[in-house]
Amino acid sequence: MFSLIYHYFDSFGIIVTFASNLMKYSILTMQLNVADHIINDSFFDYIIKNIDCNDTSRLILKRENVDFDKKFAVLQIECRNKTKNKLPEILKFEKYLFPKSISAEQCTPEQVAKFHGELFAGCNHVLDMTMGLGVDSFYIAHNANTVTSLEIDREIAEIGKFNFSHMAPNITVINADSVDFISNCSEFFSAIFIDPARRDANNKRMFGFADCMPNVIDLLPHIKRCTNRLIIKASPMLDISKSILELQFVTDIWILGIKNSCKELLFSLDFSQNAEIKAVNIHTINFDNIPQHVDFQYFAIDDSQNSHFAIPAEGNILFEPNACIMKSGRTSQLLSLYPSLEKIDVSSHLFLVSDANQSSQLPGRCFTIDKVIPFKDKELKQLRVYKELNVATRNFKLTAEQLKSRLRVKDGGNNYLFGTTLHNGDMVLLLCSKATK
């Protein structure tokens, strides 16, 4: 039967061969040059075949004739293994490519990226000013009609174009400097998302808005011209009060964590409000087996000075709020949200639970107090039997590391020790075990 063969180059430099047989077409061969990496069907077969290899250096050293970029294939194996728990949904796409190893290390966890995407539900056109690996762009595109993603690195941008061509065709990737782009942009977007790089050229961690790249504070006048809504992803190390003053248009702040580890802050700015914003909503979300979600008002009056303070005793249930709530600085507002709580001191951020039946509903960890030990040399002898303790300090004169050194214990075991100061000024050590919820 007679067949016609067609060859052409598409926008990615893909050489595609088609065979026509009674008006029916099928791809016979595929050779791609993506960001100077030669890949083809054998490239992806190689990844699947070797995905369980724990020693990828052995693959590199192995002599074999291949018609694709072998080093780039091995990079895919390494990155897929690094992110198999971080990006399970995205890795279902067998032809998803990682541009660089650092992209896998620094990408947004899928669970958090999905939440980012939901913030853009109903948007028509969203601008992602800092694409990177594109995990955030991918989930924003699930909720918005179209997304334009900027990436300054040519290789990362080209690979992003390839990934989204078959994963999310409503994303347009542009290889551009986001500062230049927004400074000269005449388009108006439904919303803009930005995740400034928090490492400098020497890989040193940076935290402040003015220190990260790009500098969001400097870009605000240009961003205001192009949207009414901006969402900024930032370091959990930022001072929230200072950030509100710097950004000025903040309406909402999300403090996001995974398994009691605070991962990031999200600031939502509304430029349509010309008047000073007097109410800022703080949303804390700790993603765990059951997500813990608690909201606060930033400018709410702190009435904890007038509240009742409890004295801890053996057998009491001790409650420690999760890391996201701790970061919010709004722990006193928990007293009105959870009536069973009694605070130990204004600055301790630890509570006693008057109704043990409600401990399972609390957003954090609960412990049973086994001993209350005054912080005095002769009393510390009680702790000599312990070689391992999980030590934390709250409103205490020693850091956790200093207290561990003083007690000569290492981290670990099933016992927990909290160093804290009571409302009457007494310093105590609370020896605890994990409470069953």
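- Contact of the I174 side chain with the M131 side chain is not registered, since no non-hydrogen atoms from C-beta on lie closer than 4.5 Å.
- A cation-pi arrangement is found for K95 relative to F44, the charged atom lying closer than 6.0 Å to the ring centre and inside a 45° cone about the ring normal.
- R225 contributes a side-chain N or O that, together with a main-chain N or O of C185, makes up a donor-acceptor pair within less than 3.5 Å.
- A heavy-atom distance below 4.5 Å is found between the side chains of S101 and L75.
- Inter-residue side-chain proximity for E342 and F351 is flagged as unmet; no heavy-atom pair is nearer than 4.5 Å.
- Residues D69 and F72 approach most closely at OD1-N, 3.1 Å, considering heavy atoms.
- There is a side-chain donor-acceptor pair under 3.5 Å between N281 and Q297.
- In this structure the side chain of F209 reaches within 4.5 angstrom of the side chain of L247, judged on heavy atoms.
- Ring pair Y139/H142 is tilted by interplanar angle, where 30° to 60° counts as tilted.
- Between K397 and Q402, the closest side-chain pair of non-hydrogen atoms is not below 4.5 Å.
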Sequence neighbours left out, cut at 3.5 Å: what donor-acceptor pairs do the side chains of residues 112-126 make with other protein atoms?
{"from": "K114", "atom 1": "NZ", "to": "E89", "atom 2": "OE2", "distance (Å)": "3.0"}
{"from": "H116", "atom 1": "ND1", "to": "D136", "atom 2": "OD1", "distance (Å)": "2.6"}
{"from": "H116", "atom 1": "NE2", "to": "E264", "atom 2": "OE2", "distance (Å)": "2.4"}
{"from": "N124", "atom 1": "OD1", "to": "N145", "atom 2": "ND2", "distance (Å)": "3.1"}
{"from": "H125", "atom 1": "ND1", "to": "E187", "atom 2": "OE2", "distance (Å)": "2.8"}
{"from": "H125", "atom 1": "NE2", "to": "T148", "atom 2": "OG1", "distance (Å)": "2.7"}

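- Here the straight-line distance linking atom CD of Q111 with atom CD1 of I285 works out to 10.0 Å at 0.5 Å rounding.
- Between the side chains of K343 and S348, no donor-acceptor pair of N or O atoms lies under 3.5 Å.
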Step by step, work out the salt bridge (Lys or Arg N to Asp or Glu O under 4.0 Å) result for E110 and K86.
CA-CA 6 Å; E110 206 168 81; K86 200 175 184 182; over 6 Å; no
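- Using a 4.5 Å heavy-atom cutoff, the side chains of F267 and I231 are not in contact.
- With D218 contributing its side chain and A210 its backbone, the two residues share no donor-acceptor pair below 3.5 Å.
- Relative to the ring axis of F319, R365 does not place its NZ or CZ within 45° and under 6.0 Å from the centre.
- Few gaps surround CG on L245; more than 12 heavy atoms of other groups in view lie less than 6.0 Å from it.
- Here the side chains of E388 and K404 are not in contact, with every heavy-atom distance at 4.5 Å or above.
- For the residue pair N395 and D345, a side-chain donor N or O sits within less than 3.5 Å of a side-chain acceptor on the partner.
- I325 has its side chain within reach of F296: a pair of non-hydrogen atoms, C-beta onward, lies under 4.5 Å apart.
- Between F68 and F43, the angle of the ring planes goes over 60°, which puts this pair in the perpendicular group of the 30/60° scheme.
- Of the possible donor and acceptor atoms, one in the side chain of N390 sits under 3.5 Å from a partner among the backbone N and O of N415.
- In this structure, L266 CG and K233 NZ are separated by 8.0 Å, a value rounded to the nearest 0.5 Å.
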